[in-house]
Amino acid sequence: MTMMELQIDPIACDGAGLCAELLPEHITLDEWGYPIVELRQVTAETRRHAHRAVTLCPKLALHLSRQA
């Protein structure tokens with residue numbers, strides 16, 4: 001199975017915080033509401049939730065990429 005990595009584009013992000021609500025296993029928020037990726041490697045158990053968070057990000061600032 002291909003491993004996936006979670007990434008946030010800090011320029012595109014507006015700090016809505018939806019990603020942290022949808023994927024608390026991987027993302028926390030700083031004091032201004034901007035996401036901090038605590039765990040970049042997405043596990044098989046959280047992959048479905050990660051895809052949902054990426055899809056629902058209002059600024060399309062959250063991305064999943066394949067790890068080499």
Side-chain angles (χ1 to χ4, degrees):
M1 180 176 265
T2 305
M3 297 304 294
M4 303 293 285
E5 182 176 274
L6 191 62
Q7 300 173 342
I8 296 176
D9 178 351
I11 303 300
C13 181
D14 70 352
L18 183 60
C19 58
E21 290 180 35
L22 294 171
L23 201 56
E25 302 92 328
H26 292 272
I27 301 172
T28 60
L29 300 177
D30 68 11
E31 62 263 26
W32 299 285
Y34 286 90
I36 299 169
V37 178
E38 297 289 337
L39 181 61
R40 290 194 178 278
Q41 189 173 354
V42 175
T43 63
E45 294 83 23
T46 60
R47 185 172 291 188
R48 185 172 56 102
H49 297 290
H51 279 289
R52 184 169 184 246
V54 167
T55 301
L56 294 176
C57 176
K59 294 295 186 174
L60 304 176
L62 192 59
H63 306 279
L64 276 175
S65 61
R66 295 181 195 274
Q67 285 185 323

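Small disclaimer: the values here were computed from a predicted structure and weren't measured. Computation of the quantities below employed the complete heavy-atom set of this structure, encompassing side-chain atoms and omitting hydrogens, waters and symmetry-equivalent molecules.
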Enquirer: Kindly compute the distance separating CG (L18) from CG (L29), expressed to the nearest 0.5 Å.
Expert: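 If we round to the nearest 0.5 Å, L18:CG and L29:CG are 10.0 Å apart.
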Enquirer: Under a 4.5 Å cut-off applied to non-hydrogen side-chain atoms, are E25 and L39 in contact?
Expert: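 No, too far: nothing below the 4.5 Å cut-off.
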Enquirer: Does any part of the side chain of I36, heavy atoms only, come nearer than 4.5 Å to the side chain of I27, both counted from C-beta?
Expert: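 Of all side-chain heavy-atom pairs linking I36 with I27, none is under 4.5 Å.
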Enquirer: Any side-chain to backbone donor/acceptor pair from H26 onto V37? Under 3.5 Å, distance only.
Expert: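 No, the answer is negative, given that no donor and acceptor are paired below the 3.5 Å cut-off.
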Enquirer: Using a 4.5 Å cut-off on heavy atoms from C-beta on, say whether the side chain of S65 contacts that of E5.
Expert: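 Side chain of E5 against side chain of S65, heavy atoms only: contact under 4.5 Å found.
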Enquirer: Does a side-chain heavy-atom distance below 4.5 Å link V42 with L23?
Expert: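 SC-SC contact between V42 and L23 ruled out.
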Enquirer: Is a side-chain donor or acceptor of R66 paired with a backbone partner of M4 at a separation under 3.5 angstrom?
Expert: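 No: the side chain of R66 does not pair with the backbone of M4.
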Enquirer: Are C13 and Y34 close enough that some pair of their side-chain heavy atoms sits under 4.5 Å apart?
Expert: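 Heavy-atom side-chain distance check passes, below 4.5 Å.
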Enquirer: Mind checking the NE2-CG spacing from H63 to L6? Nearest 0.5 Å is all I need.
Expert: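 CG of L6 is found 10.0 Å from NE2 of H63.
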Enquirer: Kindly compute the distance separating NE2 (H51) from CG (L62), expressed to the nearest 0.5 Å.
Expert: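 So the gap between those two atoms works out to 11.0 Å.
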